[in-house]
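Here's the structure we're looking at; comments come further down.
Keep in mind the model is a prediction, meaning the values are calculated, not measured. Counting starts at 1 for both ligands and their atoms, in listed order.
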Amino acid sequence: MSFLAALRALAQGLDGRVQNGQNPRQMMIARTLQELHAAREALGPVGFVPTMGALHAGHLTLVATAKAAGRPVAASIFVNPTQFGPKEDFARYPRDEKGDLEKLEAAGCALVWLPGVDAMYPPNSATTITIGGPALQWEGASRPGHFSGVATVVAKLFGQIRPEAAYFGEKDWQQVQVVSRMVEDLALPVRVVPVPIVREADGLALSSRNRYLSEPERKAAPALYAALTHTAQEIAAGKEVAAALHRARQSLAQAGMVPDYVALVHAQTLEPLASFAAPARLIAAAKLGQVRLLDNVPVG
Ligand code: PAF
């Protein structure tokens with residue numbers, strides 16, 4: 001259905017449902033800021049799920065969680081160039097607009113915002129958000145500029161969508177803390193809602209990049225979650241933290257991964273903890289073949 005037809009139907013009070021029995025839902029797809037503004041007028045308060053597409057069950061859980069709060073859900077799909085480093089996988093990041101739109105419609109999304117690069121980064125734009133604190137270490141250190149790119153695009157999306165609440169997956173634990181910091185520091189009128197990680201049956205955290213794992217790599221990948229859960233138990237049981245983290249890195253290497261970091265950190269500030277003190281999170285990143293895996297678990 002075209003954007004205008006969906007908007008018209010919504011304005012006529014069909015409330016997201018077509019009454020001819022052909023199409024149980026109507027989802028507006030906005031590709032320009034003008035379309036987005038018209039759709040936002042029509043919808044009232046919304047919950048918001050920002051994504052870079054290549055959607056999996058983790059994203060759909062974000063939509064379901066947002067929907068359960070009782071407001072219409074707006075999602076965005078934008079592969080944000082500014083959060084990729086020059087040697088990272090921006091060009092080959094998976095893109096599947098048609099499949100993504102079908103999934104979002106089936107999940108009951110009311111609006112999808114599909115901006116082009118020009119809408120997000122007009123040639124005269126001159127503002128970038130830089131975040132210290134929770135953005136400085138771990139992903140921030142390994143991927144310089146990454147969190148500045150994330151914060152800038154998320155702030156723009158918040159300004160465009162003006163959601164009441166925004167839903168982020170805990171797989172990117174550090175990202176959730178960085179966005180929460182930004183929202184508090186800039187007094188942005190949005191509630192950040194973290195949503196627990198969705199995992200495969202063998203423990204691997206769902207990620208759009210998992211599709212790049214070869215068959216042997218896919219078999220090895222759950223070793224990351226296994227190492228984290230084992231190490232979290234050791235630390236909670238009082239084992240020395242540095243030694244437990246060292247053993248975790250060794251077990252990742254044995255599984256064929258190149259660990260970047262395995263760290264016990266304060267759950268919100270992301271400062272490293274030398275000994276266990278709540279609230280703590282065990283976070284890790286490791287390269288398996290060409291794929292960078294991220295995961296984290298609570299401790300204690
Ligand atoms: O988590 C992601 O998919 C991205 O970092 C986000 C939040 C959509 C910003 O581009």
Side-chain angles (χ1 to χ4, degrees), residues 36 46-63 65-66 73-85 88-97 99-101 103-104 107 109 111-117 119-121 125 127-131 134-135 138-140 142-161 163 165-183 186 188 190-198 205-212 270 283 285 291-296:
L36 180 68
V46 294
F48 176 45
V49 177
T51 82
M52 297 208 299
L55 303 182
H56 50 66
H59 297 109
L60 301 179
T61 302
L62 300 180
V63 174
T65 309
V73 179
S76 63
I77 301 176
F78 179 63
V79 184
N80 173 34
T82 65
Q83 69 188 76
F84 290 80
E88 293 183 11
D89 59 347
F90 173 67
R92 68 178 201 114
Y93 193 83
R95 288 160 172 90
D96 175 18
E97 185 181 296
D100 288 346
L101 291 176
K103 286 176 190 159
L104 290 173
C109 233
L111 166 66
V112 184
W113 170 220
L114 287 170
V117 173
M120 298 309 291
Y121 299 105
S125 65
T127 303
T128 301
I129 296 180
T130 307
I131 301 191
W138 323 118
E139 288 307 287
S142 296
R143 304 180 65 190
H146 170 68
F147 282 126
S148 178
V150 170
T152 303
V153 82
V154 168
K156 284 171 186 255
L157 290 167
F158 284 172
Q160 292 163 343
I161 302 274
Y167 297 77
F168 291 84
E170 287 185 346
K171 187 184 81 72
D172 296 304
W173 182 267
Q174 189 173 5
Q175 172 172 277
V176 179
Q177 308 318 315
V178 169
V179 171
S180 301
R181 184 76 263 148
M182 173 180 76
V183 163
L186 300 181
L188 302 181
V190 56
R191 207 158 39 83
V192 174
V193 183
V195 178
I197 299 175
V198 179
L206 295 196
S207 162
S208 302
R209 291 182 171 106
N210 287 352
R211 67 188 71 190
Y212 294 132
L270 275 291
I283 61 170
V291 182
R292 184 177 169 82
L293 299 175
L294 283 189
D295 206 342
N296 65 85

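- By the 4.5 Å heavy-atom criterion applied to side chains, Thr82 and Met120 are not counted as neighbours.
- Applying the 4.0 Å criterion to heavy atoms of Val153 picks out, from ligand 1, the atoms 9 (C), 10 (O).
- With contacts defined as side-chain heavy-atom distances shorter than 4.5 Å, the pair His56/Arg211 does not qualify.
- Atom 1 (O) of ligand 1 has its closest protein heavy atom at Gln175 NE2, 2.8 Å.
- By the criterion of a heavy-atom distance under 4.0 Å, the backbone of Thr51, and not its side chain, is placed next to ligand 1.
- Leu114 places a side-chain heavy atom less than 4.5 Å from the side chain of Leu101.
- Here the protein heavy atom with the shortest distance to atom 4 (C) of ligand 1 is Gln83 NE2, 3.7 Å.
- For the residue pair Tyr93 / Asn80, no side-chain donor-acceptor distance below 3.5 Å is found, with atom types taken as modelled.
- Contact annotation: the side chain of Met182 approaches that of Leu188 to within less than 4.5 Å [non-hydrogen atoms, C-beta and beyond].
- With hydrogens left out, the protein atom closest to atom 3 (O) of ligand 1 is Met52 CG, 3.7 Å, a heavy atom.
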